[in-house]
Amino acid sequence: MHIIINTSSMVPIYEQIVDAIAKEIMDGSLSAGSNLPSVRALANTLRISSLTVKKAYDVLESRGLVTTIHGKGSFVSMNNDGLIKESLEHEAEEKINDGLNRLVKLGYTKQQCDQLLHLLLEDLYDSN
Amino acid sequence: MKTMMLYNLTMLKRNALSYGLSCIFVIVVLMLTVQNGADISDTLFGITVFLLVYLSLLLVTTISLDRYDHGLNQIFLLPLSRKDYVLSKYWMVYGSTIILFLVALSILLFTGESNVDQIMLLVAVSCIAPILCAIQIPIYFKFDLSKARFIAMAVYAVLFLLVFIPMKFLSSIEIDFDVIRSVVTTTPWIPLFMVLTITVIFNLFSMGISFKLIQTIQD
Amino acid sequence: MIQINSLTKNYGSFHLNVSFDVCDGEVVAMIGRNGSGKTTTFKALLGLTIADGGQVHINGKDAWHLCHEDKSSIGVVMGDAGFNKVMRLKDIERIMASAYPKWNREHFLGFATKYNLAMDKPLSTFSTGMNVLAKLDMALSIGATTLILDEPTAGLDVVARTKILDILRDFMAEGENHSILISSHISSDLATLADRILLIDQGKIIFETTMNALDESYGVIKFTDQDYATSGFTNEPSLKTPWGTMVLTNDREDIRTKHPDWIIEKTTLDQLMMILVGKEEA
């Protein structure tokens, strides 16, 4: 598991950990059933509070990516290629929603949002 | 307790130079002032007895040494009670008294001139160390080194007066001391018994005070 | 586990009254200005200073009447407690071995070798860093499950400090029930070790948070004096500086969304302390 924390990023550390682990599960570097380091061990390695790691593991568990067995540790969930995809889709949806909400708070109309989305999509697909 | 004894002995060892030098100094002074014509065994005997008293008083000063470098806090963090700490100081005194008593006794026995009276005298004289230390130990617990010395002297002065003034008073009303003296010394067991009793009483009283004092000491 | 309930100590005009817990598996850090009561709290909970009131329980037992085994579960490193400087580690090893039933001689000697602590020289020849390492060695060789450390890294350079923090992290990793109560002025150290922060000022704990909450929700908004006046945040904890005003908020993300042009940073412990207790007395 290779996680680098960006301490100057506004993204909370626990979220960075969730994203990093989720990515590794998705691309297969963390295989199903493999053991995650203990909360304390990961906290020590990353030099952060164990409560932060615990929160990250809890979030991963709530998304179904990780299973924690009390006394044994945390494991990457089995048989969940479908689940992973679903969870990542859900996450992406949430993030888009979040962005849209912010635009609405700034006073964007539905049309303006639509326009912006189109523009962004074009840029995205063009650059790829 | 054994931990504290180990601690005390280590402190003595680490400070052996200063403690040892001062004892040697005392011995040399004694030897130089001993009267001509006194034989070796008397001299050795006298030195041992004096060392008995001097060393015991010196041991009491380790109490002040313990305070340096926040040493007392470290001791109280150890898994031993504050009472154990106090007791170890008394036992250092009793231990050295017994050792030096045995040394003096051996010297006495080897010169072949010993008799029961002399041995009893030795026992009585050996009690001086525990008595003096009983007075000093609580004082050293309560005050730091520089004050403690003066206060100890003040206490001795007070005790001396407590004995001296009544005696002066009694002699002025013409009580016949000779009579009392002859009764008391009918057998040397009586004064010996009196000295031992005073030793025990002083030490128990002193321990009581020390145990109380140590509970409230904070660094 | 340490449970402190209304621990009270009075010195003239200074009144200490604190209550907090340190749970198994937790690292709790106490921060505060000099004289705020950190060391007094530590000494009182250990019975080195006689408290005027309150209760302290360590692993369920009265901290001021611990039996020998229970005392062995607490390792202490503080400037206000140490062996007399004429002692050598060799002497200390014998004393500790005699005092502690679970004394680990191999660990003590191994640690001393690893960190180049001379066994044969008196403590008076040790540097500050070596002294701390020696005390840590002692604390870690008695079979302790809880460490109580009062400013263990004071006066040490970052290399030495990191070494010590690594040792503390290893200690936490070695047991699920291990816990640490630490006080420090060096916030960057605590950010890499602590789980929970207690801010103490004038004998009272005035603020408490987890490092996670600090990272997630707390923020410092930096205003010019003009902007501050119209910001609507004039009732929040703040600190006036030569360049303007810093305001503490615990709703960072919401404010960033509402005011994308404002300068908002993650809060450091130093900023937290300056804003909450940094004002000079009137």
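Chain letters run A, B, ... following the sequence lines, proteins first, then strands; residues in each count from 1. If you're wondering where the values come from, they're calculated on a predicted model, not measured in any experiment.
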Subject >> From B:Lys2 atom NZ to C:Ile95 atom CD1, the distance as rounded to the nearest 0.5 Å >> reply: 12.0 Å
Original post:
Between C:Asn84 and B:Met11, which heavy-atom pair has the shortest distance, and what is it?
Top reply: ND2-CE, 3.4 Å
Subject >> Heavy-atom neighbours of B:Phe150 CZ exceed 12 at 6.0 Å >> reply: no
Original post:
Do you know the tightest heavy-atom contact between B:Tyr7 and C:Met87?
Top reply: CE1-CE, 3.4 Å
**OP:** Supply the atom-to-atom distance C:Met96 CE to B:Leu78 CG, rounded to the nearest 0.5 angstrom.
**Re:** 6.5 Å
Original post:
Where do C:Ala99 and B:Pro79 come nearest, in terms of heavy atoms and distance?
Top reply: O-CG, 3.2 Å
**OP:** Pick one of side chain, backbone, both or neither for C:Met78, based on which atoms fall under 4.5 Å of a heavy atom in chain B.
**Re:** neither
Subject >> Separation between OG of C:Ser98 and CE of B:Met1, rounded to the nearest 0.5 Å >> reply: 11.0 Å
Subject >> Atom CD of C:Glu174: over 12 foreign heavy atoms under 6.0 Å >> reply: yes
**OP:** Would you check if the side chain of B:Asp69 reaches a backbone N or O of C:Lys85 as a donor-acceptor pair within less than 3.5 Å?
**Re:** yes
Original post:
Looking at C:Ala81, C:Gly79, C:Gly47, C:Gly82, which makes the most heavy-atom pairs under 4.5 Å with chain B?
Top reply: C:Gly82
Subject >> Structural part of B:Arg82 lying under 4.5 Å from a heavy atom of chain C >> reply: side chain
Subject >> Engaged part of C:Lys43 at the chain B interface, taking heavy atoms whose separation is under 4.5 Å >> reply: side chain
**OP:** Select one option (side chain, backbone, both, neither) describing which atoms of B:Ile75 are under 4.5 Å from chain C's heavy atoms.
**Re:** neither
Original post:
Say you draw a straight line from CD1 of C:Ile92 to CD of B:Gln74; how long is it, rounded to the nearest 0.5 Å?
Top reply: 7.5 Å
Original post:
Any chance CZ of B:Phe205 has more than 12 other-residue heavy atoms, nucleotides or ligands included, within less than 6.0 Å?
Top reply: no
Original post:
Judged by atom type as modelled, is there a donor-acceptor pair below 3.5 Å linking the side chain of C:Asp80 to the main-chain atoms of B:Asn73?
Top reply: no
Original post:
What are the two closest heavy atoms between C:Ile50 and B:Gln218, and how far apart are they?
Top reply: N-OE1, 2.5 Å
**OP:** With a 4.5 angstrom heavy-atom cut-off, could you sort out which part of C:Val86 is near chain B: side chain, backbone, both or neither?
**Re:** both
Original post:
Is B:Tyr94 atom OH crowded by more than 12 heavy atoms from other residues, nucleotides or ligands, each under 6.0 Å away?
Top reply: yes
Original post:
Among B:Leu6, B:Leu77, B:Thr10, B:Thr216, who wins on heavy-atom pairs under 4.5 Å with chain C?
Top reply: B:Leu77
**OP:** Verify the neighbour count for atom NZ of C:Lys204: are there more than 12 heavy atoms of other residues, nucleotides or ligands below 6.0 Å?
**Re:** yes
